[in-house]
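Right, one structure below, let's go through it.
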Amino acid sequence: MSGPMFGVIPTGQQLITDPTSTPSPTSFLYTLPNTKSFSHVMVILLPNVQLPDNTAAAIYLATAKDVAMAAELGATPNFKFLGGIGSGKESALFKINSNPSQNHSNAENDGIVIGVSIESAESVGQRLEQLSADKTANNSASNSNMAQMPTSLLAQRIIQNAYNSLAGYTQPIGPGGVEVVPLRAFDDWWRKFESRIRNDPNFLAKPQE
């Protein structure tokens, strides 16, 4: 297996084909740039690359800090399984929120590491089935939590979310300095609110900040 096999693309950034490190001939680590925020990462099997028969590529996620600490201790990093790619599915897109403004001051250990490991297709398939089952169970629990919320509490959470988001946009106008909110600010809040509902249908059931 000579030459790059996989490509990693954080949204809005350039394709990465060279691994940061190669712990074994079948495992590759890609440390992603942390100078610009991104919400998704695509992992692809590069053109003209074929995996060995009966294998697939398992995709993992860890923080760069965790990987660095594990390397110092000679331990295995705490990787989270994201999914897999292989013959018939040469790419996959994963939701990953990375905001450098929330990182710690020690930039050397900040950021995200994508791990790609060539494993048996059966093993990767089983883990994909388990991942799908877990997501279904979580969605069912989220829908149940939302359904159990009293309508009055749900309305309060929506109003509270809107108030928290729009409070900084108030402008005094006219006699007495009546405070108003620009319509553009409300439109921005609504788009963000809809996006958050799609990404996390259960967020209104959680305590609001």
Side-chain angles (χ1 to χ4, degrees), residues 4-22 27-47 49 51 56-68 77-104 107-119 121 124-143 161 165 187-206 209:
M5 299 182 64
F6 305 98
V8 180
I9 314 171
T11 49
Q13 301 192 37
Q14 294 183 342
L15 169 68
I16 301 170
T17 58
D18 294 327
T20 308
S21 63
T22 307
S27 60
F28 313 88
L29 300 181
Y30 302 82
T31 302
L32 305 186
N34 65 341
T35 55
K36 183 179 178 182
S37 63
F38 53 90
S39 58
H40 294 77
V41 171
M42 176 174 285
V43 181
I44 64 174
L45 191 64
L46 293 176
V49 171
L51 297 178
I59 315 300
Y60 299 92
L61 170 71
T63 64
K65 183 176 181 179
D66 185 46
V67 172
N78 183 26
F79 277 100
K80 174 186 177 182
F81 178 73
L82 295 179
I85 59 175
S87 178
K89 185 185 179 184
E90 286 74 19
S91 66
L93 183 67
F94 305 104
K95 180 176 176 57
I96 299 172
N97 289 321
S98 173
N99 188 343
S101 65
Q102 297 175 351
N103 287 344
H104 302 293
E108 181 178 348
N109 286 332
D110 289 337
I112 287 174
V113 174
I114 295 295
V116 182
S117 174
I118 300 175
E119 304 174 6
V124 175
Q126 290 174 349
R127 300 188 70 177
L128 285 171
E129 289 178 2
Q130 183 61 50
L131 187 64
S132 177
D134 291 343
K135 287 182 178 179
T136 300
N138 289 336
N139 288 338
S140 297
S142 297
N143 292 336
N161 186 274
S165 298
D187 290 338
D188 289 343
W189 164 76
W190 182 245
R191 283 194 295 270
K192 293 176 182 178
F193 182 81
E194 284 187 312
S195 176
R196 191 169 181 184
I197 283 287
R198 287 193 298 268
N199 294 331
D200 181 10
N202 196 39
F203 95 90
L204 285 173
K206 303 173 184 177
E209 298 178 356

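- Val43 places none of its side-chain heavy atoms less than 4.5 Å from the side chain of Leu82.
- For the pair Val67 and Ala62, the tightest heavy-atom approach, listed with the atom from each and the gap, is CG2-CB, 4.0 Å.
- Here the NZ atom belonging to Lys80 is positioned 12.5 Å from the OG1 atom belonging to Thr63, to the nearest 0.5 angstrom.
- For Thr22, the side-chain contact (heavy atoms from CB on, under 4.5 Å) test picks out Pro19, Phe28, with sequence neighbours left out.
- Heavy-atom minimum distance, Gly84 versus Ile59: CA-CG1, 4.1 Å.
- Between Phe81 and Val124, the shortest heavy-atom distance links the atoms CZ-O, 4.4 Å.
- For Lys36 (side chain) and Gly12 (main-chain N/O), a donor-acceptor pair under 3.5 Å exists by modelled atom type.
- Taking each heavy atom of Val116 and Ala57 in turn, the nearest pair found is CG1-CB, 3.9 Å.
- With sequence neighbours excluded, no residue forms a side-chain hydrogen bond (donor to acceptor under 3.5 Å, both in side chains) with Gln14.
- The nearest pair of heavy atoms linking Tyr30 to Ile16 is CD2-CG2, 4.0 Å.
- In this structure, Thr20 contributes its side chain and Thr31 its backbone to a donor-acceptor pair below 3.5 Å.
- Looking only at side-chain heavy atoms (C-beta outward), Lys192 and Ser165 stay at 4.5 Å or farther from each other.
- Taking Tyr60 as the reference, Glu119, Arg127 meet the side-chain hydrogen bond (donor to acceptor under 3.5 Å, both in side chains) condition, with sequence neighbours excluded.
- In this structure, Ile118 and Met5 have side chains that are in contact, with non-hydrogen atoms separated by less than 4.5 Å.
- The structure places CH2 of Trp189 at 9.0 Å from CD of Glu194, a figure rounded to the nearest 0.5 Å.
- Partners of Glu90 according to the side-chain contact (heavy atoms from CB on, under 4.5 Å) rule, which considers only residues two or more places apart in sequence or in another chain, are Leu45.
- Asp188 meets the salt bridge (Lys or Arg N to Asp or Glu O under 4.0 Å) test with Arg184, Arg191; sequence neighbours excluded.
- Rounding to the nearest 0.5 Å gives a distance of 13.0 Å between CD1 of Ile114 and CZ of Phe6.
- Residues satisfying the ring pair (Phe, Tyr, Trp, His ring centres under 6.0 Å) test with Phe79, not counting sequence neighbours, are none.
- Side-chain atoms of Ile112 and Leu61, non-hydrogen and from C-beta on, do get closer than 4.5 Å to each other.
- In this structure the side chain of Gln13 never reaches within 4.5 angstrom of the side chain of Leu32, judged on heavy atoms.
- Val113 and Ala64 get closest at one heavy-atom pair: CG2-CA, 3.6 Å.
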